[in-house]
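Notes for the one structure printed next.
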Amino acid sequence: AQSVTQLGSHVSVSEGALVLLRCNYSSSVPPYLFWYVQYPNQGLQLLLKYTSAATLVKGINGFEAEFKKSETSFHLTKPSAHMSDAAEYFCAVSDLDDKIIFGKGTRLHILP
Amino acid sequence: DAGITQSPRYKITETGRQVTLMCHQTWSHSYMFWYRQDLGHGLRLIYYSAAADITDKGEVPDGYVVSRSKTENFPLTLESATRSQTSVYFCASAVTSGRDEQFFGPGTRLTVL
């Protein structure tokens with residue numbers, strides 16, 4: 001069965017510092033991979049999606065993620081954190097069926 | 001309003017009562033999903049639907065019932081609510097499958113006393 005592991009339920013970075021949120025997946029076939037963001041009291045919204053067209057995927061708000069098949073990873077990065085990036089981030093994976101499996105989420109805190 | 005809406009946004013009920021959470025989307029997306037969000041568990045799929053009159057179980061379907069008589073509506077019913085069903089419930093829709101971007105509603109916060 002598919003699974004997604006997000007390392008660190010809470011991550012704190014200083015404003016202006018690099019953001020790195022880690023995601024590893026298990027899949028026996030090339031997956032579809034997603035990062036979603038959830039702001040307080042809101043539903044999730046898509047940040048970016050990997051569909052095998054390119055290993056480096058650019059998303060909204062300056063975020064990007066790199067697919068590394070050898071490491072089964074899809075880590076999310078942003079060069080310079082902004083206070084508005086404080087939110088919960090979910091990695092998700094889908095293979096050949098119609099469902100996606102979400103990780104447990106990483107709450108990003110931005111320190112002034 | 002365009003998009004995906006959920007009602008009610010907040011609900012308090014008692015153990016044993018029946019509760020229905022509503023979800024409505026205006027895009028005519030084929031796929032719709034119900035998730036519950038709990039601390040430490042992330043989002044877990046309860047049920048999903050590929051089209052009107054087609055539904056299937058997700059990871060945690062026990063205690064829940066769904067129906068989809070119209071493409072735009074996907075209600076979730078708790079037939080006899082239990083305290084363990086206290087959670088935030090999210091409805092989502094997608095154009096063609098779970099591998100597409102899913103569009104989420106604002107959520108319903110349900111408390112079972």
Side-chain angles (χ1 to χ4, degrees), chain A residues 1-10 21-25 27 29-53 57 59-60 63 65 67 74 87-108, chain B residues 1 3-10 21 23-25 29-51 54-61 66 68 74 87-109:
Chain A
Q2 280 279 17
S3 67
V4 178
T5 302
Q6 292 185 241
L7 188 61
S9 58
H10 292 265
L21 303 182
R22 299 177 187 274
C23 174
N24 289 89
Y25 66 92
S27 176
V29 297
Y32 286 72
L33 293 159
F34 309 80
W35 276 100
Y36 283 83
V37 60
Q38 184 182 31
Y39 297 104
N41 299 313
Q42 295 185 26
L44 279 69
Q45 56 184 280
L46 184 71
L47 266 181
L48 50 81
K49 173 184 176 182
Y50 168 77
T51 58
S52 78
V57 183
I60 62 172
F63 284 93
F67 171 68
F74 191 56
E88 189 153 20
Y89 293 80
F90 292 91
C91 183
V93 62
S94 176
D95 49 30
L96 298 178
D97 62 18
D98 291 327
K99 305 185 292 292
I100 68 172
I101 305 299
F102 285 89
K104 294 185 178 180
T106 297
R107 186 166 297 277
L108 178 64
Chain B
D1 292 335
I4 184 165
T5 57
Q6 294 183 236
S7 61
R9 293 293 314 278
Y10 302 91
L21 309 184
C23 178
H24 175 79
Q25 52 110 350
H29 286 171
S30 294
Y31 278 73
M32 296 189 74
F33 307 83
W34 274 107
Y35 296 92
R36 59 177 291 173
Q37 183 177 27
D38 303 289
L39 199 63
H41 290 279
L43 270 77
R44 292 180 291 176
L45 181 65
I46 304 171
Y47 270 96
Y48 72 105
S49 169
I54 301 174
T55 62
D56 205 350
K57 296 178 180 179
E59 181 184 356
V60 289
V66 294
R68 194 165 177 208
F74 191 39
S87 185
V88 181
Y89 291 85
F90 287 99
C91 179
S93 69
V95 176
T96 59
S97 80
R99 287 169 284 155
D100 286 331
E101 175 182 2
Q102 294 190 17
F103 296 86
F104 283 78
T108 294
R109 184 173 295 275

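Just so we're on the same page: letters track the sequence lines, and every chain starts at 1.
Taking CD of A/Gln42 as the reference point, atom CZ of B/Phe104 lies at 13.0 Å (rounded to 0.5 Å). How far CD of A/Gln38 is from CG of B/Leu43: 7.0 Å, rounded to the nearest 0.5 Å.
Heavy-atom pairs under 4.5 Å with chain A peak, among B/Glu59, B/Gln6, B/Gln102, at B/Gln102. With chain B as the partner, the residue from A/Ile101, A/Thr51, A/Leu44, A/Leu46 showing the most heavy-atom pairs under 4.5 Å is A/Leu44.
Shortest non-hydrogen contact noted between B/Asp100 and A/Lys49 is CA-NZ, 3.8 Å. Summarising the geometry of A/Phe34 relative to B/Arg99, their closest heavy-atom pair is CZ-O, 3.2 Å, with the distance given to 0.1 Å. Smallest separation of non-hydrogen atoms from B/Tyr48 and A/Lys99: CE2-CD, 3.5 Å. Between A/Ile100 and B/Tyr35 the shortest heavy-atom distance is CG1-OH, 3.9 Å. Closest heavy-atom contact between A/Asn41 and B/Arg9: O-NH2, 4.0 Å.
The local environment of CZ in B/Arg109 is sparse, with at most 12 non-hydrogen atoms from other residues, nucleotides or ligands closer than 6.0 Å. More than 12 heavy atoms of other residues, nucleotides or ligands sit less than 6.0 Å from atom CD1 of B/Ile54. Within 6.0 Å of CG on B/Leu39 lie no more than 12 heavy atoms contributed by other residues, nucleotides or ligands.
For a residue to count as touching a neighbouring chain, one of its non-hydrogen atoms must lie under 4.5 Å from one of that chain's; by this rule B/Leu45 touches chain A with the side chain only. Of the atoms belonging to A/Glu88, it is side-chain heavy atoms, and not backbone ones, that fall under 4.5 Å from chain B.
Residues B/Gln37 and A/Phe102 are not in side-chain contact: their nearest non-hydrogen atoms beyond the backbone lie 4.5 Å or more apart.
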